[in-house]
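Before any comments, here is the structure.
Naming convention: chains lettered A, B, ... in sequence-line order (proteins, then strands); numbering from 1 in each chain.
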2 protein chains.
Amino acid sequence: MTYANALAALADPTRRTVFERLRGGAKPVGAIAKGLPVSRPAVSQHLKVLKEARLVTEYRDGTRRFYAIDTQGLEAVRKYLDGFWDEALERFKAFAEADEVRPRRRKRKAK
Amino acid sequence: MTYANALAALADPTRRTVFERLRGGAKPVGAIAKGLPVSRPAVSQHLKVLKEARLVTEYRDGTRRFYAIDTQGLEAVRKYLDGFWDEALERFKAFAEADEVRPRRRKRKAK
DNA sequence: GGTACACGTAAGCCATGACTTACGCGAACG
DNA sequence: CGTTCGCGTAAGTCATGGCTTACGTGTACC
C-alpha cells in the first residue's frame with residue numbers, strides 16, 4: 001500500500017517542490033533547500049516523508065546526504081491510477097445497464 | 001494545474017474510498033455513502049472536492065445526483081507523474097556527471 | 001398542496017500536519 | 001583536537017481540513 005503514502009506525500013505543494021527539484025539528478029539537502037521559502041529542517045522533514053513513501057532514495061557521502069528520485073513510489077501511484085482507467089472506459093456500458101441503481105419507480109414503460 | 005487539486009483530493013483515505021466506489025458506474029450519493037463510516041453530508045463534501053479536481057462528474061436525475069469518474073483529473077495526474085519518469089531514468093547519467101554538486105574539495109586526484 | 005425523500009450548505013469542533021527555533025551528532029578541515 | 005559544516009531530531013505553535021449536527025431547497029408521491 002505504498003500508493004497511499006505516495007499520494008499523501010505528493011499532496012503537499014512545498015513537498016512537491018522539493019520532489020521536483022530532484023529532477024535531473026541527486027542533490028544534497030542544502031542544495032534542495034536553497035531558495036525555498038521554508039527552512040532547511042522543514043526540507044529534511046519533507047524528505048523523510050518522501051523517503052517513507054518510496055519516492056526518494058538516500059545515500060551518504062561524507063557529511064552530506066544525497067537524495068534522488070525513486071521510481072517505486074511513482075510506479076505504485078501509476079498502477080493505482082491505471083486501475084481506474086479501464087473501469088472508466090466501461091462507464092458508458094455500466095451507464096447503459098445500471099442494474100444496481102434504478103429509478104425508484106419504473107418509468108412507466110416507454111411504450 | 002488540475003493535477004495539484006487531484007493529488008490533494010486523492011490524498012485523503014475516505015475520499016479515496018468514495019472515489020473507488022464509483023468504479024463500475026455512476027452512483028447517487030446515498031448509495032455511495034451506504035456502509036461508509038462517515039455521514040452522508042461528509043460524502044457530499046468529498047464529492048464536491050473530487051468534482052473541483054475533475055475527478056468526478058455530476059448529473060441530476062430527479063431528486064438524485066449521480067456521480068461518475070471523470071478521466072480529466074486522472075489524466076492530469078498521470079501526465080504529471082510521467083514528467084518524472086524519463087528524468088528518473090537519467091538519474092544514473094546525472095549521477096556520473098554531477099556537475100553542480102561536487103565535493104567541497106577535489107578528492108586530491110586519485111593517483 | 002402537504003409530506004417525504006435525496007441532497008447541498010452552514011457552523012462549529014477537534015485532530016492532523018506543516019512550520020518554526022533550539023539542539024545534538026558525526027564527518028571534514030586546519 | 002577544536003571548529004565548522006551538513007544534516008537529523010525534539011518540542012512547541014498555529015492553520016488547515018475532515019467530521020459532526022442542524023438546517024434549507026427542490027423534486028416526487030398521494
Polar atoms only, N or O, under 3.5 Å: list the protein pairs with nucleotides 24-26 of chain D and their distances.
none

Taking only distance into account, with no hydrogens and no angle test, what donor-acceptor pairs under 3.5 Å do side-chain atoms of residues 1-19 of chain A form with protein atoms, sequence neighbours excluded?
| residue | atom | partner | partner atom | Å |
| --- | --- | --- | --- | --- |
| A/Asp12 | OD2 | A/Thr14 | N | 3.4 |
| A/Asp12 | OD2 | A/Thr14 | OG1 | 2.6 |
| A/Asp12 | OD2 | A/Arg15 | N | 3.0 |
| A/Arg15 | NE | A/His46 | ND1 | 3.2 |
| A/Arg15 | NH1 | A/Ala8 | O | 3.3 |
| A/Arg15 | NH1 | A/Ala9 | O | 3.0 |
| A/Arg16 | NH1 | A/Leu10 | O | 2.8 |
| A/Arg16 | NH1 | A/Ala11 | O | 3.3 |
| A/Thr17 | OG1 | A/Pro13 | O | 3.0 |

Can you list everything that forms a side-chain hydrogen bond (donor to acceptor under 3.5 Å, both in side chains) with [X]? Sequence neighbours excluded, please.
X       : answer
B/Lys51 : B/Glu58
A/Arg21 : none
B/Glu20 : A/Tyr80

In whole angstrom, give the distance that lies between atom [atom1] of [X] and atom [atom2] of [N].
X       : N      : atom1 : atom2 : answer
B/Glu52 : C/dG8  : CD    : P     : 13 Å
B/Leu50 : D/dG18 : CG    : P     : 10 Å
A/Tyr67 : D/dC7  : OH    : P     : 9 Å
B/Ile32 : C/dG8  : CD1   : C1'   : 14 Å

Within residues 24-43 of chain B or reaching into it, pairs that qualify as ring pair (Phe, Tyr, Trp, His ring centres under 6.0 Å) - sequence neighbours excluded: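 Non-adjacent pairs meeting ring pair (Phe, Tyr, Trp, His ring centres under 6.0 Å): zero.
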Residue pairs, two or more places apart or on separate chains, that pass side chain to side chain donor-acceptor pair (under 3.5 Å) and touch residues 33-45 of chain A: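 Checked against side chain to side chain donor-acceptor pair (under 3.5 Å) - neighbours excluded - no pair reaches residues 33-45 of chain A.
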Rounded distance (nearest 0.5 Å) linking atom CG of B/Leu47 with atom CD1 of B/Ile32: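 If we round to the nearest 0.5 Å, B/Leu47:CG and B/Ile32:CD1 are 5.0 Å apart.
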Non-neighbouring partners of B/Arg54 that pass salt bridge (Lys or Arg N to Asp or Glu O under 4.0 Å), sequence neighbours left out: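 Not a single residue meets the salt bridge (Lys or Arg N to Asp or Glu O under 4.0 Å) criterion with B/Arg54.
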Close residues, residues 38-46 of chain A, relative to DNA chain C [heavy-atom separation under 4.0 Å]: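 Residues of residues 38-46 of chain A that come under 4.0 Å of DNA chain C are, in numerical order, A/Val38, A/Ser39, A/Pro41, A/Ala42, A/Gln45, A/His46.
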DNA chain D contacts made by residues 4-19 of chain B, counting heavy atoms under 4.0 Å: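 The answer is B/Asp12, B/Thr14, B/Arg15.
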